[in-house]
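Within every chain, numbering begins at 1; the chains are lettered A, B, ... in the order of the sequence lines, protein sequences first and strands thereafter. On a predicted model such as this, the values are computed, not experimentally measured, just so you know.
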Amino acid sequence: MSKVKVSLPKGMRDFGPEQVQKRQYIINTIKSVFELYGFMPIETPVMENLTTLNGKGGEESDKLLFKVLNSGDYLKKAEQQHLEEKNYKSLLPNISEKGLRYDLTVPLARYVVMHQNELTFPFKRYQIQPVWRADRPQKGRYREFWQCDADVLGSDSLLNEVELIQIFAKVFKQLGIEMNIHLNTRKLLVAMVELSGKQDKLTSFTVILDKLDKIGIDKVIELLNEAGFNAKTFDLVKAIANNSSDFLNSEVAKQLAQTETGKVGLQELNKILSLIDDETKQQVKIDATLARGLDYYTGPIFEIKAAGFSGSLGSGGRYDNLTGNFGLPGVSGVGISFGLDRIYDVMKDQNLFPTSNTNITQVLLINFDKETEQQVFQLTTQLRQTGLKTEFYPTQAKLKKQMKYANDKNIPFVILAGSRELESGKLTLKNMQNGEQQEADIKTIISILKDSIGNE
RNA sequence: GUGGUUGUAGCUCAGUUGGUUAGAGCGCCGGAUUGUGGUUCCGGAGGCCGCGGGUUCAAGUCCCGUCUUCCACCCCA
């Protein structure tokens, strides 16, 4: 038998028991907050049709797509001409018609269109699933990662924005992560290009502005210049960069209010701020430079930034016409997304995971010998019926080995029940944390364990 | 996709201008201790030096290719 060298494809990761428990801790926290606000879970398949996935992003997102080859003899169906030309673009539709989803928003749009007659609007759904992107992995960027999304569809009310901001705040507070919620609205960005007379260049403008905190104002101006923006644009960008602390009362805000779009945008921000509770408000930063690359956003946009971590831990915003491409116009929505893997990284860096782990085995029964095995095995049932997470060592290994097993797995209690104990009816209970032992009958032991574990 | 970087024991890493049998710490296994883990002491196992090719009397070491890692860009959670 030849040995196969095992490895993982680029950017793919395994998670051990400890990591999975920590990831689930994050997921459970997010999930419980989503549900507290009335969101319901859905799940969608990992694969979608390429026609669906290409619905929004265009060329850029196409590069990030993992495509799946058609089943069967897929080359047979490929057109000879495309094969000979080796033209990727024209050949692709011949050999691949599905791909892995790269976010949860496009599948949501597809879902809503397909199930529109079953849904009650406003539709509040959450979705916690992995997504895949074929870009080069680096810090905080994975080829397979989990998003935790909550979206409200079919409601224009800004109360939704407020609630989603509160969800951000509540989740990160529960997790112990200090962060700021950067808030802006796309409408102000539109107002800026309108004032500059460059309405047609909104996407280019937002992409460049988005780099501000990374490359600085001078570089941004340079890029804007190269992209064909004018002095008016430069002035506006400089002004918003300089008025980061009190933007809403700044001169530039008044300027933006001269356009209808800008006026509405400022009203939106003021309305949202007026509805947010005081505690959450302290974490909200009006940030007129926040742009967000994705061009389907049309209203308020958010991004979560934590100190010491470049890149966002979450983001979101309002989109007016997400399902329009799929033949269902007029459905407005707003949503947020938590980046599970990045949240994990930050919590690991800052040591924020709780130390008490309630998921592990609480008590191990030692397996001494063949004579007592069956009798002790019965005890596991009794212990489990009381809710104690119980293990019975499956072989008669050396005591030392069994104790080491308990130690390595951080099991806090061990019950030793050999022939000696079974004869007397008093079992030995060992506390692995302090090494103390005591003898007692099974009922007493159960109540000791219950007390001890309940107090943690 | 562009540019750079990395790979030696399960893990973290040494390994000289190319030169005997590739090392350490931690971990693992066994013993001291046949009913007691985490400490201590003693012993042991474990390497296609990422993979493929080349240069050389000789390659972990130099060259080329490839895969992988990490980082920056692009873009983004």
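For B:U20, there is no paired base (Watson-Crick or G-U wobble, both distances below 3.5 Å). When both distances must be under 3.5 Å, the Watson-Crick or G-U wobble mate of B:G46 does not exist. Taking a pair to require two hydrogen-bonding distances under 3.5 Å in either a Watson-Crick or a G-U wobble arrangement, B:C62 pairs with B:G54.
Looking at heavy-atom distances under 4.0 Å, A:Tyr405 makes no contact with the nucleic acid at all. Counting non-hydrogen atoms under 4.0 angstrom, A:Glu421 reaches a base of the nucleic acid. Here A:Lys409 lies out of heavy-atom contact (under 4.0 Å) with every strand. Among the protein residues, A:Gly316 comes within range of no part of the nucleic acid, since none of its heavy atoms lies under 4.0 Å from any strand. Using a 4.0 Å heavy-atom criterion, one finds that A:Val207 contacts the sugar-phosphate atoms exclusively. Contacts of A:Gln437 with the nucleic acid, taken as non-hydrogen atoms under 4.0 Å apart, include base atoms. Among the atoms of the strands shown, base atoms are found under 4.0 Å from some heavy atom of A:Arg420. Counting non-hydrogen atoms under 4.0 angstrom, A:Ile366 reaches nothing in the nucleic acid. Using a 4.0 Å heavy-atom distance criterion, A:Gly435 is classed as a base contact. Nucleic acid contact for A:Phe368: base, since at least one base atom lies under 4.0 Å from a heavy atom of the residue.
Note: CZ (A:Phe302) to P (B:A77) measures 13 Å, nearest angstrom.
The base of B:C75 sits within donor-acceptor range of the side chain of A:Arg141, with an N or O pair under 3.5 Å. A donor-acceptor contact under 3.5 Å is not formed by the side chain of A:Arg136 with the base of B:G4. Under 3.5 Å, the side chain of A:Asn407 and the base of B:G38 form no donor-acceptor pair of N or O atoms.
A:Lys139 has no side-chain polar atom (N or O) that falls below the 4.0 Å cut-off from OP1 or OP2 of B:A72.
Atom C1' of B:A14 sits at a distance of 14 Å from the matching atom of B:U61, rounded to the whole Å. As rounded to the nearest Å, B:U12 and B:G52 have C1' atoms that lie 28 Å from one another.
In summary, A:Arg110 and A:Glu48 engage in a salt bridge, as defined by a charged side-chain N under 4.0 Å from a carboxylate O.
A:Tyr319 and A:Tyr296 have perpendicular rings, their planes meeting at more than 60° on a 0 to 90° scale where under 30° would count as parallel.
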For residues 130-141 of chain A, which side-chain donor-acceptor pairs fall under 3.5 Å, sequence neighbours excluded?
| residue | atom | partner | partner atom | Å |
| --- | --- | --- | --- | --- |
| A:Trp132 | NE1 | A:Glu144 | OE2 | 3.0 |
| A:Arg133 | NE | A:Tyr102 | O | 2.9 |
| A:Arg133 | NH2 | A:Tyr102 | O | 3.0 |
| A:Asp135 | OD2 | A:Arg141 | NH2 | 2.8 |

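Looking at residues 391-401 of chain A, you'll see A:Lys398, A:Leu399, A:Lys400 sit with a heavy atom under 4.0 Å from some atom of RNA chain B.
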